[in-house]
Amino acid sequence: MKRRLTMGVAAAAVGTLLAACGAGGPGSGGGKISGGKLTLGVLTDLSGVYADLAGNGAVAAVQMAADDYRKKYGDKAVTQKIDVIKADHQNKPEVANTQAREMYERKGADAIFDVPTSSAALAVETVAAQQKKLYFNTGAATTELAGKSCNAYTYEWAYDSYMLAHGTGTQVTQQGGKNWYLIYPDYAFGQDMQAKFTPAIEGAGGRVVAKDPTPFPSDNYSTFLLKAPTLNPKPDVLGALQAGGDLANVVKQYDQFKVKDKGVKLAIGLLFDSDIKAIGADKLAGTMFTTAWFWNLDDRSRAWAQRFQKITGKLPTFDQAADYSAATAYLEAVQKAGTDKAASVSKVLDGMPLDDFFARNATVRAADHRVVHDAYLAKVKAPSEATQDGDYTELVRTIPAAQAFDKPSPDCHLG
Amino acid sequence: MTSFLQQLFNGLVSGSFYALLALGLAVIFGMLRVVNFAHGALYMLGAFGAVVLGDDAGLGFWWALLLVPAALAVAGMAMERLLVQRLTALDPLYNFLLTFGIALVCQDLLRMKYGSHSRPYDRAPFGGTVDLGLFDYPRYQVFVLAVSVVVCVAVWLLLTRTRIGTVVRASTERPELTRAFGIDTRRWVTPVFGFGVALAGLAGVLAAPMRAVNSDMGADLIITVFAVVVIGGLGSVFGSVVAGFAIGMIQALGNLYVPVLSQTSVYLLMAVVLLVRPAGLFGKEEHA
């Protein structure tokens, strides 16, 4: 609660400045584009735990999409004026709500992108529906976004807890990890992950021997690490569903308690490249996880990742790649619709097939606005196998789009 | 039974950190009547110090254990001289705001430089486990417990068995009377502050091999440590150490037997202690 006031103020100041600069007279060109320009809002965590995996990298990705669009269409573009604005939601739903309102109403954002943290993501979803403006989420894991909270203005682009659980839970169980011990942080994300992992494991013929909630945040996991090998039957896999700093604590202590030597392998619910860097690839080598994308997937991905790295100095995470994919699809849809009216753009997007470096064999599902695309079961490379700095991920198996995501939820009514 | 003993031992290990941090807070509060809200940030700086020494200077864990607390002691003394001292005559609220502000500045600077993710640290002095009879335990964590116990006992001896300790305690408990004996109590304020900060740095270095090193690590921990200090009795050195280890054990048992209470147990205990003994378990009531 006490964190990052300064950054928030700075972000607000930058936002205000951008809005002030952009207020140069309406009707300047671009007939059907309101105000003659497009404004893409990136609402993200600029200062907290997700700032590395989303943050300014997400802003850079959306900016790249805008630049590429302008270059591609030149004079034929519906407008050459595309502003990218950003704001810090501090991972808090109430801040996200205010910032989203501010972006749509005062700064004229046509669409909002990114938004990590499920509670904040859901808050923005409500605002998008009220404002009748588009919203492309790439950062949050909850299936609720395209489930019971879904609406006509919100698109879920990158991943969700179902994808993570069914990738890792199903595949690892099928490969012989029959008995699981799940530890999950005791808040919305952890509970949601646990609720998705358990049926995935059981559906693949495995068994959850025990599951324990862990305090959030916590820096001591010894209780659970000592307990793991003593359970009866002894679990084959410890499923750690923690994120960020908590995950780093789990892995460091898993290593110190020699749980692997006692025959309990580690599987991780949600793992970003930035986590692997934070923990050290040597400690994670061989760990299985599911990801929506990784930069070293193939030539197309590498080419984009290198461009991104030139701009930001860092390799992209899947969240940032998804931001580019979503912003590009949005701009293409505006181009095709010839207007930035949400309903018209949405009509182009719904059911649209996609094939960019991020979204493979993908479709924007019309029923619930979930983008289904190939996902990847991966494992962490040992540092000795890495070809370069930041090369952490080895592909184990591609999970086809049709299997990677759940069927549209019966609770979703786009309205 | 084994798992019960295991939990007690887990609790002692996390208690090691609480005790070291609470001890530093207690010493500082005793001498200056300042609640140092920057203590968690200083713990975080200790851990980052170990990481940076390792990454940038190639110095291993033992060097960090020596250099980082020393460097932080100097920084702490500078902080006391340049900032804290100016406000001690005013309402304690001013130093509360100052130290809290220092904590936020430290956290944000580190986040700007290193990002919000944790930093890896793989210079643990030893790996492997050690057989404790009933169960195996990571060798490093047993070492942490040993260091913490040794430091706490040493500080206790220093305070009770040496002349320096006598002077410090006298300045803490009866500053006017001590001055009347011709002892310059203010001379001891800066070194004591530096010493308390060094203890936070030491805890931070010890944490680096076993905990996530990031800019938030201190903010998350320090709230519990404040509860520990209140339970032990503000300014009571003995109380803060005992409460530190006790809270560690209570949390660990809570983790296993009553997970819903593992986090709240500390605050419940704090509430009960405050109701029954407002000055804490080992604190002395002050009569103004």
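In the text below, chain A, chain B and the rest are named by the order of the sequence lines, each starting its count at 1.
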Problem set entry | Tyr50(A) portion near chain B, given a 4.5 angstrom heavy-atom threshold | backbone
For this session: Answer with side chain, backbone, both or neither: which region of Phe272(A) has an atom nearer than 4.5 Å to a non-hydrogen atom of chain B?
Result: neither
Problem set entry | Euclidean distance, Phe135(B) CZ relative to Phe257(A) CZ, rounded to 0.5 Å | 9.0 Å
Exercise. Taking Ser218(A), Pro217(A), Gly55(A) one by one, which has the highest count of heavy-atom pairs under 4.5 Å against chain B?
Worked result: Pro217(A)
Exercise. Of all heavy-atom pairs between Pro259(B) and Pro213(A), which one has the smallest distance, and what is that distance?
Worked result: CB-CG, 4.2 Å
For this session: Drop me the distance from Asn10(B)'s CG to Thr223(A)'s OG1, to the nearest 0.5 angstrom.
Result: 4.5 Å
Problem set entry | Heavy-atom pairs under 4.5 Å with chain B, option from Leu226(A), Ile279(A), Thr230(A) with the top count | Leu226(A)
For this session: Taking all non-hydrogen atoms of both residues into account, name the closest pair between Pro209(B) and Gln256(A) and its distance.
Result: O-NE2, 3.4 Å
Exercise. If you measure from OH on Tyr140(B) to NZ on Lys252(A), what distance do you get to the nearest 0.5 Å?
Worked result: 9.5 Å
Problem set entry | Least distance between heavy atoms, Ala278(A) atom then Ser118(B) atom | CB-O, 3.0 Å
Problem set entry | Side chain, backbone, both or neither of Asp186(A) within contact of chain B (heavy atoms, under 4.5 Å) | neither
For this session: Work out which heavy atom in Asn255(B) is nearest to a heavy atom in Pro215(A); give both atom names and the distance.
Result: OD1-CG, 3.3 Å
Exercise. Hey, mind stepping through Asn220(A) and Val13(B) against side-chain contact (heavy atoms from CB on, under 4.5 Å) and telling me if it holds?
Worked result: CA-CA 9 Å; Asn220(A) 189 350; Val13(B) 174; 5.5 Å; no
Exercise. At a heavy-atom separation under 4.5 Å, does Lys277(A) approach chain B through its side chain, its backbone, both, or neither?
Worked result: backbone
Seminar exercise, completed: Looking only at heavy atoms, the pair that brings Arg211(B) and Asn249(A) closest together is CA-OD1, 3.0 Å
For this session: Could you look at Asp255(A) and say if it's the side chain, the backbone, both or neither that has a heavy atom under 4.5 Å from chain B?
Result: neither
Problem set entry | Nearest-0.5 Å distance, NE2 of residue His117(B) to CG of residue Asp52(A) | 6.0 Å
